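Notes follow the structure.
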2 protein chains.
Amino acid sequence: MTTSKGRVRNKRGEGAQLRDEIVSGATRLLVQGGEHSVTLRAVAREVGISAPAIYQHFADRDAILFAVAEVAFAELEHALNDVGDHADPADRLRAVAVAYLTFAKHSPTRYQIMFGGVWDASKSLQRTPSMAADLAELGLGAFRIISRAMADCIEAGCSTGTDPHADATALWAGLHGLAQLQVATPLFPWPSGLQSTLIDRLALLRG
Amino acid sequence: MTTSKGRVRNKRGEGAQLRDEIVSGATRLLVQGGEHSVTLRAVAREVGISAPAIYQHFADRDAILFAVAEVAFAELEHALNDVGDHADPADRLRAVAVAYLTFAKHSPTRYQIMFGGVWDASKSLQRTPSMAADLAELGLGAFRIISRAMADCIEAGCSTGTDPHADATALWAGLHGLAQLQVATPLFPWPSGLQSTLIDRLALLRG
DNA sequence: CCCATTACTTTACGGGTGTTAACTTACACG
DNA sequence: CGTGTAAGTTAACACCCGTAAAGTAATGGG
């Protein structure tokens, strides 16, 4: 086999493959046990390699978590983009919002490291300023999809909003709060239909 | 005789005082360094006692954090109740909402252990079902203040809402999302006036 | 065919954690 | 005054962590 880039090496797999295994192993741990259970050694254990082997692919524990977040962001963006065709821009916006909520609800721990990281100032992600900036950039990608759908609604007259950015931001905040709060306090008597209510009110739909 | 290290030990009735010192020490650590830095030993260090001494007052580390949350909930409730007199129920609701946001923004890490605990399934608070229930109960206390203010608005005709519980819940979700998201991602270009926009929209004010 | 490189291994260091056990001290009471 | 009890102490157990250093097996170029 030719090695133009010299990537093929060891018994376990071809270079980048192990990196992916590490990321998905870490993701698995995150989903199952929360952020704290994603430790360097635990990831290595999960993947079936020795702990120091990880340093071939990641600078430190935080870099792994960052990679997990990257994947999660990509997945979220995909979910938001892939809501199907909707003749009515309002329907589309609603679908995007629902997709956002579905993602957050379906994988809450990943959602947390994406958007809740800064809370814990010293341990979790974003210790490095550059990392915070990168995370913010990725988050903006997801936000822009909401923002665009919102703008389309306003332009089409489905929404009585006037400032797409401000309106989309308000909607985003509402979605975030609903998603997180519902997962965090499942014992609360959540009214049915709350989701639609909140979306329609914040997006100023059907006004 | 006092110990060579100077701390007066074991006076009867000093017990409860030390308990408070532990709670406030833990609070201090939480505020400064995030939840992960509130470790049993660190708390003991902060208070100036030995780690095992804590077991006289708390069953385990989680119990300390729970006590911290209790105090924080009391403080939040007090802040929500103490928004001054307002002739207009809408003004009062707005003031309550602002107070909520102010609290969350001013002490984000405490806010997190109050409402964000369940995210991390295995480490943080609420491992015990009973603890989750207790936390939920405390949270309900704060929510009821919002709910009552909301109901007053509806009754007075300041709000076009119809279902006080549902409307208050939507507002709560919005407030939670705004507070947390703004703290979590400070780099985002937050529009000015977003706070009032969100409150008025979710509370259906000035209809 | 040899050898440098690469990717991984084992080993080990230095530290942290929650928690238990055994000891010590100070006070309260008979 | 002696003594029992409660509230502290120190010491220790058993784990976990991140990561650095050194060893080893496979690979591919010269």
Side-chain angles (χ1 to χ4, degrees), chain A residues 1-23 25-26 29-30 33-67 120 122-125 127-128, chain B residues 1-23 25-26 29-30 33-68 120 122-125 127-128 131:
Chain A
M1 58 178 62
T2 63
T3 61
S4 53
K5 285 187 178 178
R7 270 289 152 213
V8 188
R9 280 305 166 207
N10 212 330
K11 54 183 171 188
R12 171 136 205 116
E14 309 212 352
Q17 183 189 327
L18 181 53
R19 209 200 104 107
D20 290 352
E21 278 183 57
I22 292 170
V23 173
L29 289 176
L30 177 66
E35 179 187 340
H36 87 281
S37 66
V38 183
T39 148
L40 224 157
R41 293 176 116 111
V43 170
R45 238 175 280 132
E46 173 79 14
V47 178
I49 58 176
S50 66
I54 290 181
Y55 286 94
Q56 292 284 336
H57 304 274
F58 296 95
D60 50 23
R61 193 211 102 145
D62 285 0
I64 305 175
L65 235 48
F66 182 81
D120 198 329
S122 37
K123 165 153 195 183
S124 76
L125 277 184
R127 258 195 314 211
T128 323
Chain B
M1 181 182 174
T2 58
T3 68
S4 53
K5 292 189 179 159
R7 183 176 181 91
V8 185
R9 330 210 308 180
N10 274 352
K11 226 169 59 181
R12 229 201 183 153
E14 193 185 320
Q17 181 188 328
L18 181 53
R19 208 200 107 106
D20 289 353
E21 278 183 56
I22 292 171
V23 173
L29 289 175
L30 176 67
E35 180 187 340
H36 87 282
S37 66
V38 184
T39 150
L40 227 162
R41 294 175 116 110
V43 170
R45 238 174 279 135
E46 173 79 14
V47 177
I49 57 176
S50 66
I54 290 181
Y55 286 93
Q56 290 285 334
H57 304 274
F58 296 96
D60 50 22
R61 192 210 100 141
D62 284 1
I64 305 175
L65 234 48
F66 182 81
V68 171
D120 199 328
S122 38
K123 166 155 194 180
S124 75
L125 278 183
R127 259 197 311 212
T128 323
M131 216 157 173

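First the proteins, then the strands, lettered A, B, ... as listed; each starts at 1. We use all heavy atoms of the structure for the numbers below, so side chains are in, but hydrogens, waters and symmetry mates are not. Given the structure is predicted, the values throughout are model-derived calculations rather than measurements.
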Exercise. A:L18 side chain: which of C:dC8, D:dG18, C:dT9 is closest?
Worked result: C:dC8
For this session: Measure the shortest side-chain to side-chain distance between B:R19 and B:I22 over non-hydrogen atoms and say whether it is less than 4.5 angstrom.
Result: no
For this session: Report yes if a side-chain nitrogen or oxygen of B:Q56 is closer than 4.0 Å to either non-bridging phosphate oxygen (OP1 or OP2) of D:dG8; otherwise report no.
Result: no
Exercise. OP1, OP2 of C:dT20 versus side-chain N and O of B:Y55: anything below 4.0 Å?
Worked result: no
Exercise. To the nearest angstrom, how far is A:D60 atom CG from D:dT19 atom P?
Worked result: 6 Å
Problem set entry | N/O (side chain, A:H57) to phosphate O (OP1/OP2, C:dC8) under 4.0 Å | yes
Exercise. Closest approach of A:R41 and A:A51, non-hydrogen atoms and distance?
Worked result: CG-CB, 4.1 Å
Exercise. Please give, in whole Å, the distance from C:dT17 P to B:I64 CD1?
Worked result: 12 Å
Exercise. Of all the choices, C:dT19, D:dG18, C:dT9, which nucleotide is nearest to the side chain of A:R61 once you look at every atom?
Worked result: D:dG18
Problem set entry | Sugar-phosphate, base or nothing in reach of B:T39, heavy atoms under 4.0 Å | sugar-phosphate
Exercise. Over how many whole Å does the gap from A:E46 atom CD to D:dC17 atom C1' extend?
Worked result: 18 Å
Exercise. Can a side chain N or O of B:R19 be found less than 4.0 Å away from OP1 or OP2 on D:dA7?
Worked result: no
Exercise. Between C:dC8, D:dT19, C:dT19, which nucleotide has the shortest distance from any of its atoms to the side chain of A:A53?
Worked result: C:dC8
Problem set entry | Upstream residue (5' side of DNA chain C) when A:R41 and A:I54 are each assigned their closest nucleotide | A:I54
Exercise. Between C:dA7 atom P and A:F58 atom CZ, what is the distance in whole Å?
Worked result: 14 Å
For this session: State the CD-CD1 distance between B:Q56 and B:I49, to the nearest 0.5 angstrom.
Result: 10.0 Å
Exercise. When rounded to the nearest 0.5 angstrom, what distance separates CG in A:L29 from CD in A:E35?
Worked result: 12.5 Å
Problem set entry | Whole angstrom value for the distance that separates P of C:dT17 from CG of B:D62 | 15 Å
Exercise. Of B:A51 and A:P52, whose nearest nucleotide on DNA chain D comes first from the 5' end?
Worked result: B:A51
Exercise. What's the spacing between B:I64 CD1 and B:L40 CG if we round to 0.5 Å?
Worked result: 4.5 Å
For this session: Figure out the CD1/P separation between A:I49 and C:dT11, and round it to whole Å.
Result: 17 Å
Exercise. Rounded to the nearest Å, what distance is computed from the NE2 atom of residue A:H36 to the C1' atom of nucleotide D:dC16?
Worked result: 11 Å
